Amino acid sequence: MGMSFTKMHGLGNDFVILDGRRTPLTLPSTLISRLCNRQRGIGCDQLVTLSPPTRAGADVLVRFFNPDGSEAGACGNASRCVAALLGGNPTLQTQNGLLPTSQTDGLVSVLMGKPHLDWQSIPLANACDTAHLPLYDGAACSMGNPHLTLFRSIEDAATLGPVLETDPLFPERANIGFADIQSPTHLRLRVWERGAGLTLACGSGACAAVVNAARRGLVERTCLVSMECGSLTITWQDDDYVLMTGPAQHVFTGTLDETWLAEGQAPAL
Ligand SMILES: N[C@H](CCC[C@H](N)C(=O)O)C(=O)O
């Protein structure tokens, strides 16, 4: 019996979820890339693994991996999908801390933790004002993963995103968000994601965009973030926690073929 998986998406940002809570998963980065591959694997923007929690108060330990095999400390759309998959109001254990979740009338809310605004925690390669970086006057913060938000046309994401993702200012690379302010309570966003490229939506990117725009006085602390397939409501609360609310969709469950799984093993010597 092959390994089973669940396919879900949040606003078109799609995920393969492997449940390792009963049987531990061993995931070499080559297998991660193969699972994410849209022609030769299942296909997704991020691979998500579930494991038994190791911290009191958590219901599940969740890890996020990009198609290039790199691990992300946060993934907002996937966090909503995991909450919807588990049902109830699970608390997720992630690299950005314990994330409480709740669900009401088809929408999922995740308390995404506090943003990290100081240069060392993003991280940046050197000290600078993270509200006004010397990169197209963007603003940077971390939601458990590094985000640069540029306030310019979302059409620039495909061309400028890949250049900035690997800028030396970001020792761990960065997700590059392009935010077009529509009003004090609404912005449009397109994200070139670290290790994944252009995606239809980015939850942690939406959180970072609202935090970065609000700290510059461009939007209020509750803001609608519109992306290709729909919107998220983001609130940067007065207690500094960021609340994200939006949809999560289960698509299908499946089983990986044993021979496909074996294909990726290191060649026998
Ligand atoms: N799609 C995810 C973000 C993935 C971030 C990943 N690309 C990284 O390396 O940080 C989201 O909804 O927040």
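Because the structure is predicted, anything quoted here is derived from the model rather than measured. In listed order, ligands and their atoms are each counted from 1.
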Original post:
Distance from N96 atom CG to M143 atom CE, nearest 0.5 Å?
Top reply: 6.0 Å
What atoms of ligand 1 come within less than 4.0 Å of a heavy atom belonging to [X]?
{"X": "N77", "value": "11 (C), 12 (O)"}
{"X": "S204", "value": "3 (C), 11 (C), 12 (O), 13 (O)"}
{"X": "A72", "value": "6 (C), 8 (C), 9 (O), 10 (O)"}

Original post:
Side chains of H186 and S226: donor-acceptor distance under 3.5 Å anywhere?
Top reply: yes
Subject >> Under 3.5 Å side-chain donor-acceptor pair for S204 and N145 >> reply: yes
[X] to ligand 1, any heavy atom closer than 4.0 Å:
{"X": "C202", "result": "yes"}
{"X": "N66", "result": "yes"}
{"X": "T199", "result": "no"}

Subject >> Residue pair E193, T199: steps toward the side-chain hydrogen bond (donor to acceptor under 3.5 Å, both in side chains) verdict >> reply: CA-CA 7 Å; E193 288 197 20; T199 59; 2.8 Å; yes
Original post:
For atom 1 (N) of ligand 1, which candidate among D14, L11, N145, N13 provides the closest heavy atom?
Top reply: N13
Original post:
Does ligand 1 have a heavy atom under 4.0 Å from the side chain of V191, from its backbone, from both, or from neither?
Top reply: neither
**OP:** Examine the proximity of ligand 1 to M143 and report which part, side chain or backbone, both or neither, has a heavy atom under 4.0 Å away.
**Re:** neither
Original post:
Is there a donor-acceptor pair under 3.5 Å between the side chain of E165 and the backbone N or O of G195?
Top reply: yes
Original post:
Would you say R40 has more than 12 foreign heavy atoms packed within less than 6.0 Å of its CZ?
Top reply: no
**OP:** Could you tell me whether E71 and ligand 1 have an N or O pair separated by under 3.5 Å?
**Re:** no
**OP:** Please confirm whether G203 comes within less than 3.5 Å of ligand 1 when only nitrogen or oxygen atoms on both sides are compared.
**Re:** yes
Which protein heavy atom lies closest to [atom], and at what distance to 0.1 Å?
{"atom": "atom 10 (O) of ligand 1", "answer": "N175 ND2, 2.8 Å"}
{"atom": "atom 2 (C) of ligand 1", "answer": "C75 SG, 3.2 Å"}
{"atom": "atom 4 (C) of ligand 1", "answer": "E193 OE1, 3.2 Å"}
{"atom": "atom 7 (N) of ligand 1", "answer": "R194 O, 2.9 Å"}

Original post:
Looking at side-chain heavy atoms only, is the closest gap between N89 and P100 below 4.5 Å?
Top reply: no
Original post:
With a 4.0 Å cut-off, would you call D137 and R216 a salt bridge?
Top reply: yes
Subject >> Carboxylate-amine/guanidinium proximity below 4.0 Å for R21 and D59 >> reply: no
**OP:** Mind running side-chain hydrogen bond (donor to acceptor under 3.5 Å, both in side chains) on R63 and T94 for me, showing each step along the way?
**Re:** CA-CA 7 Å; R63 296 176 72 183; T94 72; over 6 Å; no
